[in-house]
Enquirer: 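My structure is below; once you've seen it, I'll send some questions.
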Amino acid sequence: MISAGKQLDPQLLGSLVESHPNGPASEQQDSLAENGYLFVRGLLDPEVVKALRVHLLHKVADHGQLHPEHPVEAGIAADGANCAFMPELANGDDRVWDFLYEDALPGFFDRLLGKPSRHYDFTWLRVVAPGKGTHPHMDLVYMGRGTDEVYTAWIPLSDVSEELGGLIVLEGSHRSALTESYAHIDVDAICDGGDQTPMERAGFLRSGAITDDPVELRNQLGGRWLTADYRAGDVLIFGMYTAHASLDNQSNQIRLSIDCRFQAADLPADERWIGENPPAHRHKIETIC
Ligand SMILES: O=C(O)CCC(=O)C(=O)O
């Protein structure tokens, strides 16, 4: 398996532990706390997931990222396609909203959290052309201005093989020293009077990634990179301190997935991601560094 152009040692790879969507909430809570993630097979209706993919692929085609000589449903990348992140195709789309926030997911999170949940209003849509995957990071650096008890739901919009490039989670990383030295740095903080950001000052990447080298990170923290042969309908949930990345897309297709966020409704939420038109990374904060 390859991530960010680096070959991951097969001996240092493993499989995500699977959970059943209707398993007892207490077991799911324990599993999430223990492993830093909960991989729920078949939580969503695969036919609905696949239909949503085709709906979104038509928009991707309108942006010239699909090969014109193949049917849209095949999702074959155009020559030179370079897309990776296209949230503008998902935000404001009622079909995406209803699928994520009016169907099975909110109820699942209510049960998992043991109290009413809320979701962020911003939806992250990945439209990943053949090429390198996402660099290793923990999500708190992007959404830590409310509570750290936020959960990401990563949703593949098709079966996602190793070749198409799914998510990888670094085993045990939610208990590593990086939860202190890295996770609380705000990616949107800027140093007043300097070009560098606090993230860079601390030795991490300006983008918020810990590093661009998943092999080096594994060697530093130990554990294995865990992944799965994802199927449409699966949902991978993880906490803000779980280091993750994605495998490179070595196919000729575009990989579509959504990531969205849930937390308890009674906890403060990060203002960058809520409201009718979430400000996202435009909300910078100046710090002395
Ligand atoms: O899908 C990807 O490549 C990255 C997703 C991710 O980083 C996330 O869900 O936080």
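Just so it is clear, the values below take in all heavy atoms, side chains as well, and ignore hydrogens, waters and symmetry mates. As the structure lists them, so they are numbered: ligands from 1, and atoms in each ligand from 1.
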Enquirer: Throw together a table of side-chain donor-acceptor distances under 3.5 angstrom for residues 65-79, partners on residues two or more places apart or in other chains.
Expert:
unit_1	atom_1	unit_2	atom_2	d
Gln65	OE1	Asn82	N	3.1
Gln65	OE1	Cys83	N	3.2
His67	ND1	Glu69	N	3.2

Enquirer: Can Arg231 and Asp159 be counted as an ion pair, charged N to O under 4.0 angstrom?
Expert: no
Enquirer: Asp139: what forms a side-chain hydrogen bond (donor to acceptor under 3.5 Å, both in side chains) with it, not counting sequence neighbours?
Expert: His137, Thr152, His244, Arg261
Enquirer: Have Arg255 and Ser257 got a donor and an acceptor in their side chains that come within less than 3.5 Å?
Expert: yes
Enquirer: So if I only count non-hydrogen atoms and take anything under 4.0 Å from ligand 1, which residues does that give, chain by chain?
Expert: Arg126, Thr134, His137, Asp139, Thr152, Trp154, Leu167, Phe238, His244, Ser246, Arg255, Ser257, Asp259, Arg261
Enquirer: Given 3.5 Å as the limit, does a donor-acceptor pair link the side chain of Thr179 with the main chain of Tyr241, or not?
Expert: no
Enquirer: Does Asp93 have any side-chain hydrogen bond (donor to acceptor under 3.5 Å, both in side chains) partners at least two apart in sequence or in another chain, and if so, which?
Expert: His55, Lys59
